[in-house]
Amino acid sequence: MKIAPQQRIYVCFFLFAVSLGALLSRMPDLQVAMGVNKSELGLTLIGAAIGALISLTLSSPLIARLGARTTAFITVLGTSALLSLVPWIGAAPLVFCVLFVEGLLAGALEINLNVEIDRIEAQLGRGVMNRAHGFWSLGFFVTALVSSVVRQAGISMELHLAATFVTVLIIGIWAISGMRNAPARIALHEGKAPLVALPTWGLMPLCVIGIAAFLVEGAGIDWSAIYMRDVFSVEPFIGGLGLTLFTFCMALARLFVDPLVDRFGARAVATMLLVLSAIGICAVSGAPHPYVALAGFALMGAGCSAVYPLAVSAAAQRTDRAAYLNVAALGQMSFVVFFLAPPLLGFIAEHAGIRTSYLVCLPLIIYALFSAKALATRRAAGGGSAAIARSVNG
């Protein structure tokens, strides 16, 4: 069956989210299995952040050499295999090591898929970046919904994640096999690309926007189930609804926001979404009832939905250096925050309460609102070359 190039990228995003979401949805069970508190759980999960940071800094040249298909095979299937091993290990130090390797692959996956979808977007002459990230969110939504039922039924983590890996393996081989490298954008930058991707001053406002989005996403995905359990002592199914609503609203917004970006511009859309995130954070932090908290998680999911994809598009379309370097540098400062959120929020939750931990996101959201001017006011007509012509140069 023939599918369009962008649809293969959609499937890769979806499968990665399904694998990661299956583990994150079992965080309460993993915490009990390892016999650790919230702070120790967070420190264990930081292994993925360290691996991702190293990969996002150093792996760009290797990805360019391997190509999109080979990199996708290694990273999409490799991350799923490693995540399925975590429930079988038990010991926190060993889980840290496995997640470190998983983070190495996840960082490379992030660069590969975002650069490839940006090139496809240039070919099509219309926005598909948000939709691609929408399938990441859709993957989290599907696995959150399934996981709520699975946990309520008492199915073990080991069986749950093993079944997830088998599913990812079958679908992944089918989708990735037909992948081909999309033509690179016209290179308007000069000089040899550096081996290490580091943020430039012009890229920093986009980094702030990406960090804020991923901090909210990490807070919603990683800790929602534990929040619902500890604050309201709800049943596993109701506890899982926080993650389900968060990912559903995120997916819905990402899948349908591109026409709004085309009409109103990235800056206006990002500003509106960041405000929604702030409202959701406040609702979760002060929720007097489980349903208020669930509404807050829904607002958080919608609010952080398209913010990072908009920043990625702006970074990939900068003309100061190669697209994969700017995407990698942006990923260092923002994608890693997705993995740093668990230890940060876990430490605060352990010492100041899990409600208070959510308020940490607010100052960064406010800072991101002031940085939104780095985004374009309108998407240029005419696709690829026109989009390059209007790229943000800081």
Side-chain angles (χ1 to χ4, degrees), residues 5-17 20 52-53 55-64 66-72 74-76 79 103-124 126-139 175-176 179 181-185 193 197 199 203 206-207 209-211 213-214 217 250 254 257-258 261 266 270 304-318 321-339 375 384 387-388 391-392:
Q6 69 271 21
Q7 292 171 342
R8 296 186 187 276
I9 304 297
Y10 297 165
V11 173
C12 289
F13 272 115
F14 179 86
L15 293 179
F16 179 44
L20 183 58
L53 178 59
S55 180
L56 288 164
T57 305
L58 301 175
S59 66
S60 295
L62 179 60
I63 293 168
L66 290 176
R69 184 174 66 173
T70 301
T71 304
I74 295 171
T75 57
V76 175
T79 52
L104 290 174
L105 296 181
L109 181 149
E110 169 76 2
I111 298 171
N112 183 48
L113 296 186
N114 277 307
V115 169
E116 195 66 15
I117 198 66
D118 175 69
R119 292 173 175 177
I120 293 171
E121 191 174 61
Q123 279 188 296
L124 295 174
R126 57 185 173 85
V128 291
M129 178 69 77
N130 287 305
R131 183 163 297 176
H133 284 259
F135 277 84
W136 154 276
S137 304
L138 185 62
I176 300 171
M179 189 179 292
N181 289 348
R185 285 182 179 268
L203 196 65
L206 298 178
C207 291
I209 295 169
I211 288 171
F214 263 133
E217 185 171 348
M250 176 186 282
R254 281 179 168 175
V257 79
D258 278 316
V261 176
C304 72
S305 59
V307 176
Y308 178 67
L310 292 174
V312 169
S313 289
Q317 293 163 17
R318 288 178 60 85
R321 56 181 180 172
Y324 69 82
L325 287 171
N326 280 327
V327 171
L330 175 63
Q332 291 171 25
M333 302 293 289
S334 50
F335 188 74
V336 173
V337 172
F338 179 75
F339 294 103
L375 298 170
I388 297 173
S391 60
V392 183

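Keep in mind it's a predicted model, so treat the numbers as computed, not measured. Scope of the values below: all heavy atoms of this structure, side chains included, with no hydrogens, waters or symmetry mates.
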* To do: For the pair H133 and Y308, name the ring-plane relationship: parallel under 30°, tilted 30 to 60°, perpendicular over 60°.
  => perpendicular

* To do: Quick one: sort the F135 and F14 rings into parallel, tilted or perpendicular, breaks at 30° and 60°.
  => perpendicular

[X] versus [Y], closest heavy-atom pair with distance:
X: A266; Y: L310; value: O-CD1, 3.8 Å
X: A270; Y: V307; value: O-CG2, 4.3 Å
X: M250; Y: C304; value: CE-SG, 3.0 Å
X: A182; Y: E116; value: N-OE2, 2.6 Å
X: L375; Y: A314; value: CD2-CB, 4.1 Å
X: V257; Y: A306; value: CG1-CB, 3.7 Å

Separation of [Y] [atom2] from [X] [atom1] (nearest 0.5 Å):
X: F13; Y: R254; atom1: CZ; atom2: CZ; result: 8.5 Å
X: L15; Y: I176; atom1: CG; atom2: CD1; result: 7.0 Å
X: R119; Y: I9; atom1: CZ; atom2: CD1; result: 11.0 Å
X: E110; Y: S55; atom1: CD; atom2: OG; result: 10.0 Å
X: L104; Y: L109; atom1: CG; atom2: CG; result: 12.5 Å
X: R131; Y: E121; atom1: CZ; atom2: CD; result: 11.0 Å

* **side chain to side chain contact (heavy atoms under 4.5 Å, CB included) between V128 and Y10, intermediate numbers included** => CA-CA 10 Å; V128 291; Y10 297 165; 3.6 Å; yes

* In sequence, state the C-alpha distance, the side-chain angles, and the governing distance for S59 and I111, and then conclude on side chain to side chain contact (heavy atoms under 4.5 Å, CB included). => CA-CA 9 Å; S59 66; I111 298 171; 3.6 Å; yes

* Any sub-3.5 Å donor-acceptor pair from N130's side-chain atoms to P309's backbone N or O? -> no

* Any residue meeting side chain to side chain contact (heavy atoms under 4.5 Å, CB included) with T71, in chain and number order, not counting sequence neighbours -> I63, L66, T75, N112

* What residues form a side chain to side chain contact (heavy atoms under 4.5 Å, CB included) with A315, not counting sequence neighbours? -> L203, L206, N326, L330

* Taking the side chain as C-beta and beyond, is there a heavy-atom pair between D258 and M129 under 4.5 Å? -> no

* Are the side chains of P5 and Q123 in touch, meaning some heavy atoms are under 4.5 Å apart? -> no

* **Steps toward side chain to side chain contact (heavy atoms under 4.5 Å, CB included) verdict (F16, L105)** => CA-CA 11 Å; F16 179 44; L105 296 181; over 6 Å; no

